[in-house]
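Take a look at the structure below.
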Protein chains: 2
Amino acid sequence: MNLSIAEENYVKAIYKLQEGDTAVTTNALAYELDTKPASVTDMAKKLKEKQLIDYEKYKGITLTAEGRKTALQIVRRHRLWECFLVDKLAFSWEEVHELAEELEHVRSEKLTNRLSEYLGNPTVDPHGDPIPDAHGRMAKPRPQTSLDQANAKRLVVTAVTDQSVALLAFLNAKGIRLGTQLEIVAHYEYDNSIEIKMKHAPSLTISEQVAKNIMVRPV
Amino acid sequence: MNLSIAEENYVKAIYKLQEGDTAVTTNALAYELDTKPASVTDMAKKLKEKQLIDYEKYKGITLTAEGRKTALQIVRRHRLWECFLVDKLAFSWEEVHELAEELEHVRSEKLTNRLSEYLGNPTVDPHGDPIPDAHGRMAKPRPQTSLDQANAKRLVVTAVTDQSVALLAFLNAKGIRLGTQLEIVAHYEYDNSIEIKMKHAPSLTISEQVAKNIMVRPV
DNA sequence: AAAATTATTTAGACAAATCTAAATAATTTT
DNA sequence: AAAATTATTTAGATTTGTCTAAATAATTTT
Ligand SMILES: [Mn+2]
Ligand SMILES: [Mn+2]
Ligand SMILES: [Mn+2]
Ligand SMILES: [Mn+2]
(Lines give C-alpha, C1' and ligand atoms only; values in the text may rest on other atoms or scores of the structure.)
(Ligands and ions follow the chains in the order given, each with its own letter.)
Protein backbone atom coordinates (compact mmCIF):
# COMPACT_ATOMS: atom_id res chain seq x y z
CA MET A 1 0.00 0.00 0.00
CA ASN A 2 1.66 3.20 -1.12
CA LEU A 3 0.27 6.20 0.69
CA SER A 4 0.72 9.86 -0.10
CA ILE A 5 1.81 12.28 2.59
CA ALA A 6 -1.74 13.62 2.79
CA GLU A 7 -3.12 10.11 3.29
CA GLU A 8 -0.57 9.41 6.01
CA ASN A 9 -1.50 12.60 7.81
CA TYR A 10 -5.17 11.62 7.72
CA VAL A 11 -4.49 8.13 9.06
CA LYS A 12 -2.39 9.52 11.87
CA ALA A 13 -5.02 12.12 12.76
CA ILE A 14 -7.77 9.51 12.80
CA TYR A 15 -5.63 7.39 15.11
CA LYS A 16 -5.11 10.34 17.40
CA LEU A 17 -8.80 11.24 17.58
CA GLN A 18 -10.12 7.71 17.84
CA GLU A 19 -10.19 7.08 21.58
CA GLY A 20 -11.15 3.47 22.11
CA ASP A 21 -13.62 2.64 19.36
CA THR A 22 -15.62 5.84 19.13
CA ALA A 23 -15.96 6.83 15.49
CA VAL A 24 -14.22 10.03 14.45
CA THR A 25 -16.50 12.70 13.04
CA THR A 26 -15.94 14.53 9.80
CA ASN A 27 -15.86 17.91 11.49
CA ALA A 28 -13.41 16.87 14.20
CA LEU A 29 -11.03 15.50 11.61
CA ALA A 30 -11.33 18.63 9.48
CA TYR A 31 -10.50 20.75 12.51
CA GLU A 32 -7.54 18.57 13.51
CA LEU A 33 -6.08 18.69 10.01
CA ASP A 34 -6.89 22.34 9.47
CA THR A 35 -8.96 21.60 6.39
CA LYS A 36 -12.64 21.61 5.41
CA PRO A 37 -15.26 18.93 6.11
CA ALA A 38 -15.87 18.50 2.37
CA SER A 39 -12.22 17.56 1.91
CA VAL A 40 -12.47 15.03 4.71
CA THR A 41 -15.45 13.36 3.07
CA ASP A 42 -13.49 13.07 -0.18
CA MET A 43 -10.49 11.56 1.56
CA ALA A 44 -12.68 9.21 3.61
CA LYS A 45 -13.89 7.64 0.38
CA LYS A 46 -10.33 7.10 -0.75
CA LEU A 47 -9.13 5.63 2.52
CA LYS A 48 -12.14 3.34 2.61
CA GLU A 49 -11.28 2.19 -0.91
CA LYS A 50 -7.77 1.41 0.35
CA GLN A 51 -9.30 -0.47 3.32
CA LEU A 52 -7.56 1.66 5.90
CA ILE A 53 -10.80 2.86 7.46
CA ASP A 54 -14.38 1.76 7.96
CA TYR A 55 -16.66 4.49 6.79
CA GLU A 56 -20.35 4.80 6.01
CA LYS A 57 -21.99 8.06 5.08
CA TYR A 58 -22.99 10.07 8.13
CA LYS A 59 -21.64 7.36 10.44
CA GLY A 60 -18.11 8.58 11.09
CA ILE A 61 -14.72 6.97 10.61
CA THR A 62 -12.80 4.22 12.39
CA LEU A 63 -9.46 2.66 11.47
CA THR A 64 -9.34 -0.93 10.25
CA ALA A 65 -6.68 -3.24 11.69
CA GLU A 66 -4.56 -2.39 8.64
CA GLY A 67 -5.13 1.32 9.17
CA ARG A 68 -4.16 1.06 12.81
CA LYS A 69 -0.96 -0.71 11.87
CA THR A 70 -0.14 2.03 9.38
CA ALA A 71 -0.89 4.73 11.94
CA LEU A 72 1.39 3.13 14.50
CA GLN A 73 4.25 3.06 12.02
CA ILE A 74 3.83 6.77 11.34
CA VAL A 75 3.60 7.55 15.06
CA ARG A 76 6.74 5.47 15.62
CA ARG A 77 8.68 7.41 13.04
CA HIS A 78 7.38 10.73 14.33
CA ARG A 79 8.37 10.08 17.91
CA LEU A 80 11.74 8.58 17.06
CA TRP A 81 12.67 11.64 15.02
CA GLU A 82 11.58 13.83 17.94
CA CYS A 83 13.96 11.88 20.17
CA PHE A 84 16.73 12.29 17.64
CA LEU A 85 16.25 16.02 17.40
CA VAL A 86 16.22 16.49 21.17
CA ASP A 87 18.81 13.93 22.21
CA LYS A 88 21.32 14.29 19.39
CA LEU A 89 20.78 17.73 17.88
CA ALA A 90 19.91 19.53 21.12
CA PHE A 91 16.57 20.88 19.98
CA SER A 92 14.12 21.96 22.61
CA TRP A 93 10.89 19.97 23.08
CA GLU A 94 8.68 22.68 21.66
CA GLU A 95 10.63 22.83 18.37
CA VAL A 96 10.55 19.21 17.33
CA HIS A 97 6.94 18.43 16.52
CA GLU A 98 6.86 20.52 13.36
CA LEU A 99 10.07 18.99 12.02
CA ALA A 100 8.98 15.45 12.92
CA GLU A 101 5.75 16.16 11.06
CA GLU A 102 7.85 16.10 7.88
CA LEU A 103 10.50 13.54 8.79
CA GLU A 104 7.81 10.99 9.70
CA HIS A 105 6.94 10.65 6.00
CA VAL A 106 10.26 9.12 4.98
CA ARG A 107 9.13 5.53 4.74
CA SER A 108 11.95 3.09 5.27
CA GLU A 109 11.73 0.34 7.84
CA LYS A 110 15.46 -0.04 7.76
CA LEU A 111 16.00 3.65 8.46
CA THR A 112 13.40 3.63 11.22
CA ASN A 113 14.85 0.60 12.95
CA ARG A 114 18.44 1.82 12.64
CA LEU A 115 17.41 5.18 14.05
CA SER A 116 15.65 3.50 16.96
CA GLU A 117 18.69 1.39 17.69
CA TYR A 118 20.99 4.41 17.43
CA LEU A 119 18.86 6.21 20.00
CA GLY A 120 18.94 3.22 22.33
CA ASN A 121 15.41 2.04 21.48
CA PRO A 122 13.67 4.74 23.49
CA THR A 123 10.16 3.95 24.76
CA VAL A 124 8.94 7.52 25.25
CA ASP A 125 9.38 10.66 23.20
CA PRO A 126 10.39 14.12 24.47
CA HIS A 127 6.79 14.86 25.46
CA GLY A 128 6.37 11.66 27.44
CA ASP A 129 4.36 9.87 24.74
CA PRO A 130 5.08 6.16 24.24
CA ILE A 131 6.90 4.99 21.09
CA PRO A 132 5.52 1.91 19.31
CA ASP A 133 8.14 -0.76 18.64
CA ALA A 134 8.82 -2.26 15.20
CA HIS A 135 5.73 -4.47 15.63
CA GLY A 136 3.49 -1.60 16.65
CA ARG A 137 3.48 -2.53 20.33
CA MET A 138 3.68 0.22 22.90
CA ALA A 139 4.84 -0.20 26.48
CA LYS A 140 1.80 0.22 28.68
CA PRO A 141 2.42 3.61 30.24
CA ARG A 142 2.87 3.52 34.01
CA PRO A 143 -0.17 4.92 35.78
CA GLN A 144 -0.17 8.70 35.73
CA THR A 145 -2.63 11.48 36.52
CA SER A 146 -2.87 15.10 35.60
CA LEU A 147 -1.29 17.39 38.15
CA ASP A 148 -4.61 19.00 39.07
CA GLN A 149 -5.97 15.62 40.19
CA ALA A 150 -2.88 14.25 41.90
CA ASN A 151 -3.29 13.45 45.57
CA ALA A 152 0.22 12.28 46.47
CA LYS A 153 2.42 15.11 47.63
CA ARG A 154 5.77 14.27 46.04
CA LEU A 155 5.49 13.81 42.30
CA VAL A 156 7.54 13.44 39.13
CA VAL A 157 6.53 14.87 35.73
CA THR A 158 5.99 12.07 33.18
CA ALA A 159 4.30 13.70 30.20
CA VAL A 160 2.59 16.77 28.77
CA THR A 161 -0.78 16.40 27.09
CA ASP A 162 -1.13 19.81 25.43
CA GLN A 163 1.97 20.05 23.27
CA SER A 164 1.48 23.55 21.96
CA VAL A 165 4.58 25.68 21.65
CA ALA A 166 2.96 28.11 24.08
CA LEU A 167 2.64 25.62 26.93
CA LEU A 168 6.01 23.99 26.32
CA ALA A 169 7.73 27.36 26.28
CA PHE A 170 5.95 28.30 29.51
CA LEU A 171 7.18 25.09 31.16
CA ASN A 172 10.70 25.81 29.93
CA ALA A 173 10.53 29.24 31.51
CA LYS A 174 9.49 27.73 34.82
CA GLY A 175 12.09 24.95 34.68
CA ILE A 176 9.50 22.19 34.43
CA ARG A 177 10.47 19.27 32.18
CA LEU A 178 10.06 15.49 32.01
CA GLY A 179 11.52 13.95 35.13
CA THR A 180 11.22 17.12 37.17
CA GLN A 181 10.32 16.35 40.77
CA LEU A 182 7.95 18.59 42.63
CA GLU A 183 5.76 18.84 45.69
CA ILE A 184 2.28 20.24 45.91
CA VAL A 185 2.29 23.03 48.45
CA ALA A 186 -1.29 24.22 48.15
CA HIS A 187 -4.49 24.13 46.16
CA TYR A 188 -6.30 27.44 45.88
CA GLU A 189 -9.97 26.89 45.65
CA TYR A 190 -10.71 30.33 44.18
CA ASP A 191 -9.39 29.51 40.67
CA ASN A 192 -8.13 25.96 41.23
CA SER A 193 -4.55 27.17 40.84
CA ILE A 194 -1.84 25.03 42.43
CA GLU A 195 1.28 26.07 44.25
CA ILE A 196 4.21 23.76 43.65
CA LYS A 197 7.78 23.59 44.88
CA MET A 198 10.74 22.19 43.01
CA LYS A 199 14.16 21.59 44.50
CA HIS A 200 16.52 24.55 44.55
CA ALA A 201 13.82 27.01 43.51
CA PRO A 202 11.20 29.18 45.15
CA SER A 203 7.68 27.80 44.97
CA LEU A 204 5.41 28.97 42.18
CA THR A 205 1.73 28.94 41.43
CA ILE A 206 0.37 27.59 38.18
CA SER A 207 -3.08 27.89 36.70
CA GLU A 208 -5.58 25.06 36.56
CA GLN A 209 -5.19 25.02 32.77
CA VAL A 210 -1.48 24.36 33.04
CA ALA A 211 -1.95 21.77 35.80
CA LYS A 212 -4.48 19.84 33.72
CA ASN A 213 -1.88 19.35 31.00
CA ILE A 214 0.97 18.12 33.15
CA MET A 215 0.95 14.39 33.82
CA VAL A 216 2.60 13.17 36.99
CA ARG A 217 3.14 10.06 39.05
CA PRO A 218 4.09 9.64 42.72
CA VAL A 219 7.85 9.63 43.08
CA MET B 1 10.12 31.44 -2.00
CA ASN B 2 8.24 28.31 -1.06
CA LEU B 3 9.08 25.43 -3.38
CA SER B 4 7.31 22.12 -3.77
CA ILE B 5 9.26 18.88 -3.67
CA ALA B 6 8.90 18.59 -7.44
CA GLU B 7 10.29 22.07 -7.95
CA GLU B 8 13.22 21.33 -5.65
CA ASN B 9 14.02 18.17 -7.59
CA TYR B 10 14.02 20.13 -10.85
CA VAL B 11 16.30 22.83 -9.47
CA LYS B 12 18.72 20.24 -8.16
CA ALA B 13 18.72 18.33 -11.44
CA ILE B 14 19.35 21.51 -13.43
CA TYR B 15 22.25 22.30 -11.13
CA LYS B 16 23.65 18.83 -11.66
CA LEU B 17 23.39 18.97 -15.45
CA GLN B 18 24.56 22.54 -15.85
CA GLU B 19 28.33 22.20 -16.26
CA GLY B 20 29.79 25.68 -16.30
CA ASP B 21 27.28 27.84 -18.13
CA THR B 22 26.05 25.46 -20.83
CA ALA B 23 22.27 25.56 -20.96
CA VAL B 24 20.46 22.38 -19.95
CA THR B 25 18.24 20.89 -22.65
CA THR B 26 14.64 19.86 -22.17
CA ASN B 27 15.35 16.28 -23.15
CA ALA B 28 18.36 15.88 -20.87
CA LEU B 29 16.38 17.15 -17.92
CA ALA B 30 13.45 14.89 -18.74
CA TYR B 31 15.79 11.91 -18.86
CA GLU B 32 17.51 12.86 -15.59
CA LEU B 33 14.19 13.24 -13.77
CA ASP B 34 12.61 10.21 -15.42
CA THR B 35 9.77 12.25 -16.85
CA LYS B 36 8.64 13.53 -20.25
CA PRO B 37 9.91 16.57 -22.18
CA ALA B 38 6.44 18.08 -22.20
CA SER B 39 6.42 18.05 -18.40
CA VAL B 40 9.81 19.75 -18.34
CA THR B 41 8.55 22.54 -20.58
CA ASP B 42 5.61 23.07 -18.23
CA MET B 43 7.84 23.22 -15.19
CA ALA B 44 10.36 25.47 -16.94
CA LYS B 45 7.64 28.09 -17.30
CA LYS B 46 6.87 27.91 -13.59
CA LEU B 47 10.49 28.11 -12.48
CA LYS B 48 11.07 31.04 -14.81
CA GLU B 49 8.07 32.76 -13.27
CA LYS B 50 9.67 32.20 -9.85
CA GLN B 51 12.94 33.61 -11.20
CA LEU B 52 14.92 30.49 -10.39
CA ILE B 53 15.91 29.86 -14.00
CA ASP B 54 16.54 31.74 -17.22
CA TYR B 55 14.54 30.15 -19.97
CA GLU B 56 13.54 31.07 -23.49
CA LYS B 57 11.63 28.75 -25.77
CA TYR B 58 13.96 26.38 -27.62
CA LYS B 59 17.00 27.93 -25.92
CA GLY B 60 17.45 25.65 -22.92
CA ILE B 61 17.61 26.32 -19.20
CA THR B 62 20.17 27.89 -16.86
CA LEU B 63 19.89 28.68 -13.17
CA THR B 64 19.73 32.27 -11.99
CA ALA B 65 21.88 33.33 -9.04
CA GLU B 66 18.84 32.73 -6.85
CA GLY B 67 18.28 29.30 -8.40
CA ARG B 68 21.88 28.33 -7.85
CA LYS B 69 21.63 29.34 -4.22
CA THR B 70 18.53 27.22 -3.82
CA ALA B 71 20.19 24.26 -5.53
CA LEU B 72 23.21 24.46 -3.25
CA GLN B 73 20.98 24.38 -0.19
CA ILE B 74 19.29 21.23 -1.44
CA VAL B 75 22.61 19.61 -2.32
CA ARG B 76 23.91 20.54 1.13
CA ARG B 77 20.98 18.85 2.83
CA HIS B 78 21.24 15.79 0.58
CA ARG B 79 24.91 15.23 1.27
CA LEU B 80 24.69 15.91 4.99
CA TRP B 81 21.93 13.31 5.34
CA GLU B 82 24.06 10.85 3.38
CA CYS B 83 26.88 11.44 5.87
CA PHE B 84 24.48 10.94 8.75
CA LEU B 85 23.19 7.67 7.37
CA VAL B 86 26.67 6.29 6.74
CA ASP B 87 28.53 7.70 9.76
CA LYS B 88 25.86 7.37 12.42
CA LEU B 89 23.42 4.71 11.23
CA ALA B 90 26.00 2.46 9.54
CA PHE B 91 24.35 2.42 6.13
CA SER B 92 26.45 1.44 3.16
CA TRP B 93 27.27 4.07 0.53
CA GLU B 94 25.04 2.52 -2.11
CA GLU B 95 21.94 2.67 0.14
CA VAL B 96 21.94 6.31 1.11
CA HIS B 97 21.20 8.23 -2.05
CA GLU B 98 17.59 7.12 -2.27
CA LEU B 99 16.86 8.00 1.37
CA ALA B 100 18.66 11.34 1.11
CA GLU B 101 16.52 12.05 -1.94
CA GLU B 102 13.60 12.33 0.49
CA LEU B 103 15.30 13.73 3.57
CA GLU B 104 16.73 16.62 1.52
CA HIS B 105 13.24 18.10 1.23
CA VAL B 106 12.87 18.85 4.92
CA ARG B 107 13.57 22.56 4.78
CA SER B 108 14.91 23.92 8.04
CA GLU B 109 18.11 25.88 8.20
CA LYS B 110 18.34 25.22 11.88
CA LEU B 111 18.03 21.47 11.37
CA THR B 112 20.54 21.52 8.54
CA ASN B 113 23.10 23.48 10.49
CA ARG B 114 22.66 21.44 13.65
CA LEU B 115 23.03 18.26 11.65
CA SER B 116 26.20 19.55 10.02
CA GLU B 117 27.65 20.48 13.38
CA TYR B 118 26.69 17.12 14.85
CA LEU B 119 28.54 15.39 12.04
CA GLY B 120 31.61 17.55 12.58
CA ASN B 121 30.92 19.85 9.60
CA PRO B 122 32.03 17.33 6.99
CA THR B 123 33.26 18.70 3.67
CA VAL B 124 32.68 15.61 1.52
CA ASP B 125 29.85 13.10 1.41
CA PRO B 126 30.18 9.29 1.35
CA HIS B 127 30.74 9.36 -2.42
CA GLY B 128 33.51 11.93 -2.26
CA ASP B 129 31.31 14.83 -3.39
CA PRO B 130 31.90 18.19 -1.72
CA ILE B 131 29.29 19.56 0.72
CA PRO B 132 28.37 23.25 0.42
CA ASP B 133 28.58 25.16 3.70
CA ALA B 134 25.75 27.25 5.14
CA HIS B 135 26.61 30.04 2.69
CA GLY B 136 26.68 27.73 -0.31
CA ARG B 137 30.45 27.68 -0.56
CA MET B 138 32.16 24.42 -1.37
CA ALA B 139 35.78 23.61 -0.57
CA LYS B 140 37.61 23.52 -3.86
CA PRO B 141 38.19 19.81 -4.35
CA ARG B 142 41.86 18.83 -4.36
CA PRO B 143 43.00 17.92 -7.88
CA GLN B 144 41.93 14.43 -8.84
CA THR B 145 41.79 12.34 -12.00
CA SER B 146 39.87 9.29 -13.02
CA LEU B 147 41.78 6.08 -12.42
CA ASP B 148 42.04 5.28 -16.14
CA GLN B 149 43.97 8.53 -16.71
CA ALA B 150 46.16 8.49 -13.64
CA ASN B 151 49.88 8.44 -14.28
CA ALA B 152 51.25 8.34 -10.75
CA LYS B 153 51.69 4.79 -9.51
CA ARG B 154 50.62 5.04 -5.88
CA LEU B 155 47.11 6.47 -5.56
CA VAL B 156 44.29 7.03 -3.10
CA VAL B 157 40.58 6.84 -3.99
CA THR B 158 38.89 10.21 -3.47
CA ALA B 159 35.46 9.93 -5.12
CA VAL B 160 33.17 7.91 -7.34
CA THR B 161 31.47 9.61 -10.26
CA ASP B 162 28.93 6.95 -11.26
CA GLN B 163 26.95 6.42 -8.07
CA SER B 164 24.70 3.63 -9.27
CA VAL B 165 24.00 0.88 -6.79
CA ALA B 166 25.57 -1.55 -9.27
CA LEU B 167 28.96 0.16 -9.32
CA LEU B 168 29.01 0.88 -5.59
CA ALA B 169 28.13 -2.72 -4.79
CA PHE B 170 30.88 -3.90 -7.15
CA LEU B 171 33.41 -1.69 -5.37
CA ASN B 172 32.21 -3.01 -2.01
CA ALA B 173 32.78 -6.55 -3.25
CA LYS B 174 36.32 -5.68 -4.29
CA GLY B 175 37.10 -3.80 -1.09
CA ILE B 176 37.47 -0.44 -2.82
CA ARG B 177 36.17 2.56 -0.88
CA LEU B 178 37.01 6.20 -0.28
CA GLY B 179 40.52 6.46 1.11
CA THR B 180 41.60 3.09 -0.23
CA GLN B 181 45.23 3.16 -1.35
CA LEU B 182 46.26 1.28 -4.44
CA GLU B 183 49.03 0.89 -6.99
CA ILE B 184 48.64 0.54 -10.72
CA VAL B 185 50.31 -2.70 -11.72
CA ALA B 186 49.52 -2.73 -15.43
CA HIS B 187 47.46 -1.24 -18.22
CA TYR B 188 46.19 -3.76 -20.77
CA GLU B 189 45.90 -2.15 -24.12
CA TYR B 190 43.50 -4.77 -25.52
CA ASP B 191 40.43 -3.49 -23.60
CA ASN B 192 42.00 -0.70 -21.54
CA SER B 193 41.50 -2.72 -18.39
CA ILE B 194 43.75 -1.90 -15.45
CA GLU B 195 45.40 -4.19 -12.95
CA ILE B 196 45.59 -2.70 -9.47
CA LYS B 197 47.03 -3.86 -6.18
CA MET B 198 45.77 -2.94 -2.73
CA LYS B 199 47.59 -3.69 0.53
CA HIS B 200 46.94 -7.12 2.02
CA ALA B 201 45.12 -8.38 -1.07
CA PRO B 202 45.95 -10.09 -4.34
CA SER B 203 45.97 -7.78 -7.34
CA LEU B 204 42.83 -7.52 -9.45
CA THR B 205 41.93 -6.30 -12.90
CA ILE B 206 39.09 -3.84 -13.43
CA SER B 207 37.41 -2.78 -16.64
CA GLU B 208 37.91 0.58 -18.30
CA GLN B 209 34.30 1.44 -17.42
CA VAL B 210 34.96 0.95 -13.72
CA ALA B 211 38.30 2.80 -13.88
CA LYS B 212 36.68 5.80 -15.54
CA ASN B 213 34.34 6.21 -12.58
CA ILE B 214 36.91 6.02 -9.81
CA MET B 215 38.57 9.31 -8.96
CA VAL B 216 42.04 9.22 -7.46
CA ARG B 217 44.91 11.41 -6.46
CA PRO B 218 48.61 10.63 -5.89
CA VAL B 219 49.15 9.50 -2.34
C1' DA C 1 18.25 24.00 -50.43
C1' DA C 2 15.11 20.35 -49.87
C1' DA C 3 14.14 16.42 -47.22
C1' DA C 4 14.51 13.85 -43.18
C1' DT C 5 15.27 13.61 -38.48
C1' DT C 6 15.38 15.21 -33.86
C1' DA C 7 14.07 18.43 -30.19
C1' DT C 8 10.76 21.17 -28.20
C1' DT C 9 6.39 23.16 -27.43
C1' DT C 10 1.33 23.31 -27.43
C1' DA C 11 -3.24 21.48 -26.74
C1' DG C 12 -6.02 18.87 -24.28
C1' DA C 13 -6.59 15.37 -20.76
C1' DC C 14 -6.21 13.23 -16.05
C1' DA C 15 -5.46 12.22 -10.96
C1' DA C 16 -4.71 14.11 -6.36
C1' DA C 17 -5.95 17.25 -2.99
C1' DT C 18 -8.15 20.91 -2.00
C1' DC C 19 -11.97 24.61 -1.96
C1' DT C 20 -16.94 27.05 -1.97
C1' DA C 21 -21.72 26.87 -2.26
C1' DA C 22 -25.73 24.27 -2.32
C1' DA C 23 -28.28 20.17 -0.97
C1' DT C 24 -29.45 16.80 2.25
C1' DA C 25 -29.35 14.20 6.68
C1' DA C 26 -29.22 14.07 11.63
C1' DT C 27 -29.97 16.20 15.90
C1' DT C 28 -31.80 19.48 19.08
C1' DT C 29 -35.13 22.87 20.48
C1' DT C 30 -39.52 24.50 20.92
C1' DA D 1 -44.01 16.64 15.69
C1' DA D 2 -42.61 20.75 13.51
C1' DA D 3 -39.07 24.03 13.24
C1' DA D 4 -34.49 25.36 13.76
C1' DT D 5 -29.85 24.22 13.98
C1' DT D 6 -25.83 21.56 13.10
C1' DA D 7 -23.27 18.04 10.56
C1' DT D 8 -22.26 15.94 6.45
C1' DT D 9 -22.26 15.13 1.65
C1' DT D 10 -22.55 16.43 -3.25
C1' DA D 11 -21.61 19.25 -7.24
C1' DG D 12 -18.65 21.82 -9.55
C1' DA D 13 -14.08 24.45 -9.56
C1' DT D 14 -9.12 25.12 -8.95
C1' DT D 15 -4.09 24.08 -8.59
C1' DT D 16 -0.21 21.11 -9.25
C1' DG D 17 2.21 17.90 -11.71
C1' DT D 18 1.94 14.80 -14.93
C1' DC D 19 0.74 12.47 -19.52
C1' DT D 20 -0.16 11.59 -24.92
C1' DA D 21 -0.65 13.16 -29.40
C1' DA D 22 -0.15 16.69 -32.58
C1' DA D 23 2.19 20.84 -34.14
C1' DT D 24 6.16 23.45 -34.80
C1' DA D 25 11.14 24.64 -34.58
C1' DA D 26 15.94 23.42 -35.05
C1' DT D 27 19.38 20.56 -36.84
C1' DT D 28 21.37 17.17 -39.82
C1' DT D 29 21.56 14.57 -44.03
C1' DT D 30 21.32 14.14 -48.72
MN1 LIG E 1 3.07 14.80 8.82
MN1 LIG F 1 5.81 14.07 20.69
MN1 LIG G 1 14.61 14.61 -3.89
MN1 LIG H 1 26.32 11.55 -2.58
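Reminder, nothing fancy here: chain letters follow the sequence lines and each chain counts from 1.
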Exercise for the section: Tell me, with the steps shown, if A:N27 and A:T25 meet side-chain hydrogen bond (donor to acceptor under 3.5 Å, both in side chains). Expected result: CA-CA 5 Å; A:N27 270 5; A:T25 66; over 6 Å; no

Practice task
Please report the closest heavy-atom contact between B:I196 and B:I206, naming both atoms and the distance.
Solution key: CD1-CD1, 4.3 Å

Write down the distance between [atom1] ([X]) and [atom2] ([N]), rounded to a whole number of angstrom.
X     : N      : atom1 : atom2 : value
B:E7  : D:dT16 : CD    : P     : 8 Å
B:N2  : D:dT16 : CG    : P     : 12 Å
B:K36 : D:dC19 : NZ    : P     : 5 Å
A:M43 : C:dT18 : CE    : C1'   : 9 Å
B:L33 : D:dT16 : CG    : C1'   : 16 Å
A:K45 : C:dA15 : NZ    : P     : 16 Å
A:N27 : C:dA26 : CG    : C1'   : 12 Å
A:E8  : C:dA17 : CD    : P     : 11 Å

Practice task
Please indicate whether A:D191 has more than 12 foreign heavy atoms, meaning atoms of other residues, nucleotides or ligands, lying under 6.0 Å from its CG.
Solution key: yes

Is [N] paired to anything, Watson-Crick or G-U wobble with both distances less than 3.5 Å, and if yes, which nucleotide?
N      : result
D:dT28 : C:dA3
C:dA23 : D:dT8
D:dT14 : C:dA17

Handout entry: Short side-chain N/O contact from B:Y55 to OP1 or OP2 of C:dT9, under 4.0 Å
Key = yes

Handout entry: Side-chain N or O of B:T35 closer than 4.0 Å to phosphate OP1/OP2 of D:dG17
Key = no

Exercise for the section: For the pair B:Q18 (side chain) and B:L63 (backbone), establish whether a donor and an acceptor sit closer than 3.5 Å, ignoring hydrogens and angles. Expected result: yes

Completion exercise
Sorted by position of nearest nucleotide on DNA chain C, 5' first, the leading residue of B:Y58 and A:K46 is B:Y58

Picking from [options], which would you name as closest to the side chain of [X]?
X     : options                : result
B:P37 : D:dT9, C:dT9, D:dT8    : C:dT9
B:A38 : D:dC19, C:dA17, D:dT18 : D:dC19
A:T26 : C:dT10, D:dT8, D:dT18  : D:dT8
B:D42 : D:dG17, C:dT18, D:dT18 : D:dT18

Students often get this wrong, so: under 4.0 angstrom with heavy atoms, is [X] touching a base, only sugar-phosphate, or nothing?
X     : answer
B:T41 : base
A:S39 : base
B:K59 : nothing

Handout entry: Pair A:R77 + A:E8: basic N to acidic O under 4.0 Å
Key = yes

Practice task
Verify the distance criterion only: is there a donor paired with an acceptor across the side chains of A:Q209 and A:S207 at less than 3.5 Å?
Solution key: no

